[in-house]
Protein chains: 2
Amino acid sequence: MRADAQRNRDRIVEVARGVFKEKGYDAPLDEIARLAGVGPGTLYRHFPARENLIDAVQQELADRVNSMADKAIAHEGGPRERLLAWFEQYVELLTAHPGAAARVTTAMGDEASPIASKCKIYAGANTRVLAELRAEGAMRDGVDDLQVVRLVGGVAAIADQSRLGPEAIGPMLEVLADGVLKG
Amino acid sequence: MRADAQRNRDRIVEVARGVFKEKGYDAPLDEIARLAGVGPGTLYRHFPARENLIDAVQQELADRVNSMADKAIAHEGGPRERLLAWFEQYVELLTAHPGAAARVTTAMGDEASPIASKCKIYAGANTRVLAELRAEGAMRDGVDDLQVVRLVGGVAAIADQSRLGPEAIGPMLEVLADGVLKG
DNA sequence: AACGATACGGAGACAGTCTCCGTTTGGCAA
DNA sequence: TTGCCAAACGGAGACTGTCTCCGTATCGTT
């Protein structure tokens with residue numbers, strides 16, 4: 001890639017991160033182009049669809065999710081505490097950008113989605129936490145990893161769109177934990 | 001209301017029901033106006049916001065939800081079977097129109113929403129089912145009705161947007177049921 | 001320095017939302 | 001019936017956001 005093209009691409013992603021965080025994933029793309037000091041054509045050449053830009057912006061979140069999973073696994077307490085710690089971290093991550101939770105969770109399991117690579121990273125982190133619990137015999141039989149990541153993502157999506165706080169999210173995640181764990 | 005106004009309003013709702021069912025709740029309103037044989041101005045006078053039109057269209061669904069709850073309560077089997085029957089019926093209702101589940105569940109608990117009246121009806125039906133189970137002592141302590149209707153709505157929203165079938169939805173609802181019931 | 005490939009930018013086509021206002025219509029009162 | 005006017009209509013067009021096309025500029029190589 002030509003040096004000027006790389007520079008423009010980087011600036012677009014950087015600006016988009018800020019705008020998306022503030023205004024959500026439906027923010028006008030032409031405005032991002034303007035703030036990045038490039039024409040709309042340049043933005044659309046680098047990112048043919050909005051989802052491609054979202055994918056680039058989410059690299060930052062994907063970089064954090066695995067250390068989150070590690071922290072949850074190392075969390076003190078029984079399986080329920082560790083699972084809840086993971087759920088809470090994951091919801092917090094997904095609600096970092098308004099509109100992210102619904103998009104990510106919708107794309108989960110869809111290989112053709114432009115954000116499939118990020119979904120894979122999130123799903124992988126979730127699987128690591130669940131594998132740990134499953135090895136301890138704490139998980140109910142028949143519970144699938146993809147189901148769980150969709151359920152938690154669903155909670156995150158509702159929380160995001162309804163602007164729910166931790167006091168409303170916490171009890172919902174507890175229901176999920178009780179449904180996932182033997183008990 | 002003048003007779004011609006009432007006639008136009010009814011035709012708009014009727015046409016909107018068909019278009020929404022086919023194209024989802026984001027379908028162009030001007031197209032609905034055109035198909036109903038009225039100008040855009042007429043549509044927007046009757047329904048200042050899209051949500052107001054959605055509210056009118058959903059009257060049909062709201063009329064059905066209570067008999068669904070009755071059927072679930074009368075369902076043969078234990079608490080788990082009855083709760084699952086209700087969850088499945090509710091998800092089916094919410095996914096009858098693409099885009100409905102997310103909107104309804106997002107508005108749940110928000111008095112100011114234009115579709116608040118419909119949310120109240122759905123929430124009321126859910127509460128009736130849960131009250132029955134709670135009276136039998138089948139429910140876990142601390143589980144709130146609003147939480148449950150949001151969780152099931154979240155599943156419906158993800159199922160709607162990801163085009164999931166019953167084989168993917170069923171297991172998720174089982175996790176919810178296990179999290180809601182004593183077990 | 002010259003040149004060709006690569007990338008840029010912004011005008012503008014297009015789609016959907018929503019409003020404003022001149023025109024029409026329904027229903028009541030004389 | 002007729003006349004009146006409040007109520008309702010409709011559609012042109014302003015506005016916003018998406019996305020493309022193509023003449024122009026720039027990069028990096030020879």
Enquirer: Only one of Glu81(B), Arg80(B), Arg82(B) passes side-chain contact (heavy atoms from CB on, under 4.5 Å) with Leu84(B); say which it is.
Expert: Arg80(B)
Enquirer: Of the listed nucleotides (dC19(D), dG26(C), dT17(C)), which one gets closest to any side-chain atom of Tyr44(B)?
Expert: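 That would be dT17(C).
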Enquirer: Using atom CE of Met1(A) as one end and atom P of dG28(D) as the other, report the distance to the nearest whole Å.
Expert: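 Spelled out: CE on Met1(A) to P on dG28(D) is 12 Å.
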Enquirer: Touch check for Ala33(A), heavy atoms < 4.0 angstrom, all strands: base, sugar-phosphate only, or nothing?
Expert: nothing
Enquirer: Between P on dG11(D) and CG on Leu29(B), what's the gap in Å once rounded to a whole number?
Expert: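 To the nearest whole Å, that distance equals 17 Å.
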Enquirer: To the nearest Å, give me how far apart CG (Leu53(B)) and C1' (dC18(C)) are.
Expert: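 Taking CG of Leu53(B) and C1' of dC18(C), I get 14 Å after rounding.
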Enquirer: What integer distance in Å separates Arg45(B):CZ from dC21(C):C1'?
Expert: 11 Å
Enquirer: Looking at Arg150(A) and Asp144(A), is there a salt bridge between them, counting it only when a charged N and a carboxylate O are closer than 4.0 Å?
Expert: no
Enquirer: Under 4.0 angstrom, heavy atoms only, what part of the nucleic acid is Pro28(B) near: base, sugar-phosphate, or nothing?
Expert: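 Result for Pro28(B) = sugar-phosphate.
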Enquirer: Does Pro40(A) or Arg9(B) map to a spot on DNA chain D nearer the 5' end, using the closest nucleotide for each?
Expert: Arg9(B)
Enquirer: Taking Asp55(B) first and then Arg103(B), would you say they form a salt bridge - that is, a charged N and a carboxylate O separated by under 4.0 Å?
Expert: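 Here Asp55(B) does not pair with Arg103(B) in a salt bridge, since their nearest N and O are not under 4.0 Å apart.
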Enquirer: Report yes if a side-chain nitrogen or oxygen of Thr42(B) is closer than 4.0 Å to either non-bridging phosphate oxygen (OP1 or OP2) of dA8(D); otherwise report no.
Expert: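 So the side-chain polar atoms of Thr42(B) never come under 4.0 Å of the phosphate oxygens OP1 or OP2 of dA8(D).
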Enquirer: Atom CD1 of Ile32(B) to atom P of dG10(D): distance rounded to whole Å?
Expert: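 In whole Å, dG10(D) P lies 16 Å from Ile32(B) CD1.
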Enquirer: Assuming nearest nucleotide by heavy-atom distance, tell me which of Asp4(B) and Asp30(B) is located more 5' along DNA chain C.
Expert: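 Its nearest nucleotide lies further toward 5', so the answer is Asp30(B).
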Enquirer: Measure CD1/Ile12(B) against C1'/dG10(D) and give the value in whole Å, please.
Expert: 12 Å
Enquirer: Is the side chain of Thr105(B) donor-acceptor paired with the backbone N or O of Ala102(B) at a distance under 3.5 Å, no angle test?
Expert: no
Enquirer: Charged N to carboxylate O under 4.0 angstrom, Arg163(A) versus Asp110(B)?
Expert: no
Enquirer: Which whole-number value in Å describes the distance from Arg11(B) CZ to dA8(D) P?
Expert: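 Checked: the CZ to P distance equals 18 Å.
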Enquirer: Return whichever of Arg50(B) or Arg2(B) has its heavy-atom-nearest nucleotide of DNA chain C closer to the 5' end.
Expert: Arg50(B)
Enquirer: Quick one: the side chain of Asn8(B) and the base of dC9(D), do they pair up donor-acceptor inside 3.5 Å?
Expert: no
Enquirer: So, does His46(B) get its side chain near the phosphate of dA8(D), meaning an N or O under 4.0 Å from OP1 or OP2?
Expert: no
Enquirer: Between dT25(C) atom P and Arg7(B) atom CZ, what is the distance in whole Å?
Expert: 12 Å
